[in-house]
**Q** 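Just passing along the structure, written as structure tokens.
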Amino acid sequence: MKRMLLLTFLITGNVFCTTKSRPNFILIMVDDLGIGDVGCYGNKTLRTPNIDQLADKGAKFTQHIAASPLCTPSRAAFMTGRYPVRSGVAAESRIGTFIFSASSGGLPKNEVTFTEILQKEGYSTGIIGKWHLGLNREWKDDFYHHPLNHGFDYFYGITVTHLRDCIPGNGSVFLAGAAETLKQTFVIVGITLFTLIFLNKIGLVKIPGKVFGYILLVFILFIVPVLFFFWNLHYLNCFLMRNYQVIQQPIIYENLTRRMTSEAVNFILRNQNKPFLLYMSYIQVHTALYASATFRGKSKHGIYGDAVEEVDWSIGKIVNELNKNELRDNTLIYFTSDNGAHIEEISSSGEIHGGYNGIFKGGKATNWEGGIRVPGLLYWPGVITSETVINEPTSNMDIFPTIVKLSGATVPQDRIIDGLDLMPLVQRSNVSSEHEFLFHYCNAYLNAVRWNPRNMSD
């Protein structure tokens, strides 16, 4: 009996030690944040003390590159550690992201995400905020591409992107294009009807009167559904989910970031006694811009600055929760943006709603440096030395192998993983990046290649 008790104690103790030795992970991604929008990358007017603290007490990457200048492919690369052209999440058409919740595409099931690997290792995994890698495939509730089918245990957020159409009074991303299409349709239909009526009058052709009625009916059947859809887009496309359930439709954006922060804190509290991964994917600062009453009108850069400062506040609350529950020293925090700031975004009232990409040319949706160079911070007290600065090229794909190895799991060997472990760079066992080349795609098309020359004597 004593030997059995001793054996039980040893097994339990071993599991406990193994669990405690594995770090927690909090991965923070801000939507459309520019590298020049935060203090640690040179901004002097926006207040981001909590983000800056991660840089001061951790590692800052000065050449951190998103795998794509657009949301969906960049996030696919982040989740899989692979260029989006490998997984097929790279469009050949002009629009390279999922815009409608009814889209049938998404991250393929044969792709392996870091959350699937960590889930098998006993981690509790959660995503709060923006997913943007698909929802359904064939039916409205098959949830084929839902985050809970890609390794997450918990989901609170939106499955597609946030649009200006989601907040009434903020204009429409479709209005200009739709108005031009409707104008052309009216012109074509008008000319066609006028020509047929004229030819019929002069006797060149004989057209029964009902033909004109059919043409008009077809036009109405086309135009009415289009107008109905875009007029009601915020009801049809903008909804908030908890796991598989829609809990708010349309979304009420007032205090949404505060609600997301509360969800993050509660997730940490629920899982404080076992290893966890939290993907905090902020819906801000994508347009339409919004901020809680506490932050509205408080920054020096309008509603965009208010949103950035609210995100910083939220990050501070999450870090404080780690401190309160003595989890800070066993938690790796990663901070980034999915792509560069959208510098061309202008509201319906003419106000510029884009961010700032510092000295770099271009922005979101371009492969100029401003579209792909993003903030990159790693924070892990006791493991990563304060004020570490890495000037070597790194990628958001590097997070995949980094956290997989730190969790004690093995990086998949049955496929090419383009990301590389960041820890040798951060801990200075490597002085140069192993990325000799980084490929820059716009949708499925290669635009540029970044070459990082190695020792020329090799």
**Q** Ignoring hydrogens and geometry, is there a side-chain-to-backbone donor-acceptor pair from Glu309 to Arg47 under 3.5 Å?
**A** yes

**Q** Main chain of Ser395, side chain of Asp398: is a donor-acceptor contact present, judged purely on distance under 3.5 Å?
**A** yes

**Q** Main chain of Ser262, side chain of Asn266: is a donor-acceptor contact present, judged purely on distance under 3.5 Å?
**A**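 Answer holds: yes.
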
**Q** Using side chain to side chain contact (heavy atoms under 4.5 Å, CB included) as the criterion, list what pairs up with Trp368, not counting sequence neighbours.
**A**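 So Trp368 forms a side chain to side chain contact (heavy atoms under 4.5 Å, CB included) with Lys361, Thr366.
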
**Q** Please check this pair: side chain of Trp380 against backbone of Asp329, looking for a donor-acceptor N/O pair closer than 3.5 Å.
**A** yes

**Q** Under the 3.5 angstrom rule, does the side chain of Asn447 hit a backbone N or O of His440 as a donor-acceptor pair?
**A**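 No.
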
**Q** Is the shortest distance from a Lys or Arg side-chain nitrogen in Asp418 or Arg82 to a carboxylate oxygen in the other one below 4.0 Å?
**A** no

**Q** Using the side chain to side chain contact (heavy atoms under 4.5 Å, CB included) rule, pick out the option among Ile65, Thr394, Asn452, Ile372 that qualifies with Leu438.
**A**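 Exactly one pass, corresponding to Ile65.
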
**Q** Write out all pairs satisfying disulfide (SG to SG under 2.5 Å) with one or both partners inside residues 386-451, taking only residues at least two apart or from two chains.
**A**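 Non-adjacent pairs meeting disulfide (SG to SG under 2.5 Å): zero.
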
**Q** Answer yes or no for Lys109 and Tyr144: cation-pi contact, defined as NZ/CZ to six-membered ring centre under 6.0 Å and angle to ring axis within 45°.
**A** yes

**Q** Return the set of residues passing ring-ring contact (aromatic ring centres under 6.0 Å, His included) with Phe360 (not counting sequence neighbours), or none when no residue passes.
**A** none

**Q** Quick one: do the Lys130 and Thr161 side chains pair a donor with an acceptor below 3.5 Å?
**A** yes

**Q** Side chains of Glu321 and Val265: does their closest heavy-atom pair fall under 4.5 Å?
**A**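 In short, these two side chains touch, coming nearer than 4.5 Å.
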
**Q** May I ask you to decide if the ring planes of His146 and Phe143 are parallel, tilted or perpendicular, using 30° and 60° as cut-offs?
**A** perpendicular

**Q** Looking at Lys364 and Asp32, is any side-chain nitrogen of the basic one under 4.0 Å from a carboxylate oxygen of the acidic one?
**A** yes

**Q** Say whether, by atom type as modelled, one donor and one acceptor occur between the side chain of Gln427 and the main chain of Pro424 under 3.5 angstrom.
**A** no

**Q** State which residues pass ring-ring contact (aromatic ring centres under 6.0 Å, His included) with Phe100; sequence neighbours excluded, sorted by chain then number.
**A** Phe174, Phe229

**Q** Nearest 0.5 angstrom please: Thr113 OG1 to Phe78 CZ, how far?
**A**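 Taking OG1 in Thr113 and CZ in Phe78, the distance rounds to 10.5 Å.
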
**Q** Ignoring hydrogens and geometry, is there a side-chain-to-backbone donor-acceptor pair from Asp31 to Tyr282 under 3.5 Å?
**A**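 Checking the backbone N and O of Tyr282 against the side chain of Asp31, no donor-acceptor pair under 3.5 Å is found.
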
**Q** Only counting residues at least two apart or in another chain, list the ones meeting ring-ring contact (aromatic ring centres under 6.0 Å, His included) with Tyr41.
**A**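 Not a single residue meets the ring-ring contact (aromatic ring centres under 6.0 Å, His included) criterion with Tyr41.
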
**Q** Give, for atom OG1 of Thr257 and atom CD1 of Ile283, the distance between the pair rounded to the nearest 0.5 Å.
**A** 7.5 Å

**Q** Check for a donor-acceptor pair, side chain of Asn357 on one end and backbone N or O of Gly362 on the other, with a separation under 3.5 Å.
**A**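 Yes.
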
**Q** Which pairs, with at least one residue in residues 385-418 and sequence neighbours excluded, count as a ring pair (Phe, Tyr, Trp, His ring centres under 6.0 Å)?
**A** none

**Q** Salt bridge check, Asp142 against Arg137: does any charged N sit closer than 4.0 Å to a carboxylate O?
**A**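 A salt bridge is absent here (no side-chain N lies under 4.0 Å from a carboxylate O).
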
**Q** Could I get the full list of side-chain hydrogen bond (donor to acceptor under 3.5 Å, both in side chains) partners for Ser103, not counting sequence neighbours?
**A**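 Listed in chain order: nothing, the list is empty.
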
**Q** For the rings on His64 and Tyr334, is their centre-to-centre separation under 6.0 Å?
**A** yes

**Q** For the OG1 atom of Thr80 and the CZ atom of Arg415, what is their distance to the nearest 0.5 Å?
**A**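 The OG1 atom of Thr80 sits 9.0 Å away from the CZ atom of Arg415.
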
**Q** Could you tell me which residues satisfy ring-ring contact (aromatic ring centres under 6.0 Å, His included) with Tyr356, sequence neighbours excluded, listed by chain and number?
**A**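 With sequence neighbours excluded, Tyr356 shows a ring-ring contact (aromatic ring centres under 6.0 Å, His included) to no residue whatsoever.
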
**Q** Knowing that exactly one of Glu369, Glu392, Glu436 qualifies, which makes a salt bridge (Lys or Arg N to Asp or Glu O under 4.0 Å) with Arg450?
**A**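 Passing option: Glu369.
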
**Q** List the residues meeting side-chain hydrogen bond (donor to acceptor under 3.5 Å, both in side chains) with Ser104, not counting sequence neighbours, and say none if there are none.
**A**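 Testing Ser104 for side-chain hydrogen bond (donor to acceptor under 3.5 Å, both in side chains), a comparison that skips the adjacent residues, returns none.
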
**Q** Roughly how far, to the nearest 0.5 Å, is the CE atom of Met241 from the CG atom of Leu135?
**A**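 Output value for this atom pair is 5.5 Å.
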
**Q** Can you give me every donor-acceptor pair (side chain of residues 150-159, partner residue at least two apart or in another chain, under 3.5 Å) with its distance?
**A**
from   : atom 1 : to     : atom 2 : distance (Å)
His150 : NE2    : Leu107 : O      : 3.1
Asp153 : OD1    : Gln119 : NE2    : 2.6
Asp153 : OD2    : Thr125 : N      : 2.9
Asp153 : OD2    : Thr125 : OG1    : 3.2
Tyr154 : OH     : Arg242 : NE     : 3.0
Tyr154 : OH     : Glu263 : OE1    : 2.5

**Q** Ala67: what forms a side chain to side chain contact (heavy atoms under 4.5 Å, CB included) with it, not counting sequence neighbours?
**A** Ala77, Pro84, Asn396, Met397

**Q** Just by distance, do the side chain of Glu310 and the backbone of Ser292 share a donor-acceptor pair under 3.5 Å?
**A** yes

**Q** Is there any ring pair (Phe, Tyr, Trp, His ring centres under 6.0 Å) pair reaching into residues 291-311, and which pairs are they, with sequence neighbours excluded?
**A**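 For residues 291-311: Phe295-Trp313.
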
**Q** Do Met423 and Thr402 have side chains that get closer than 4.5 Å, going by heavy atoms?
**A**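 Of all side-chain heavy-atom pairs linking Thr402 with Met423, at least one is under 4.5 Å.
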
**Q** Between Arg373 (side chain) and Ala66 (backbone), is there a donor-acceptor pair under 3.5 Å?
**A**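 Between the backbone of Ala66 and the side chain of Arg373 there is no qualifying donor-acceptor contact (under 3.5 Å).
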
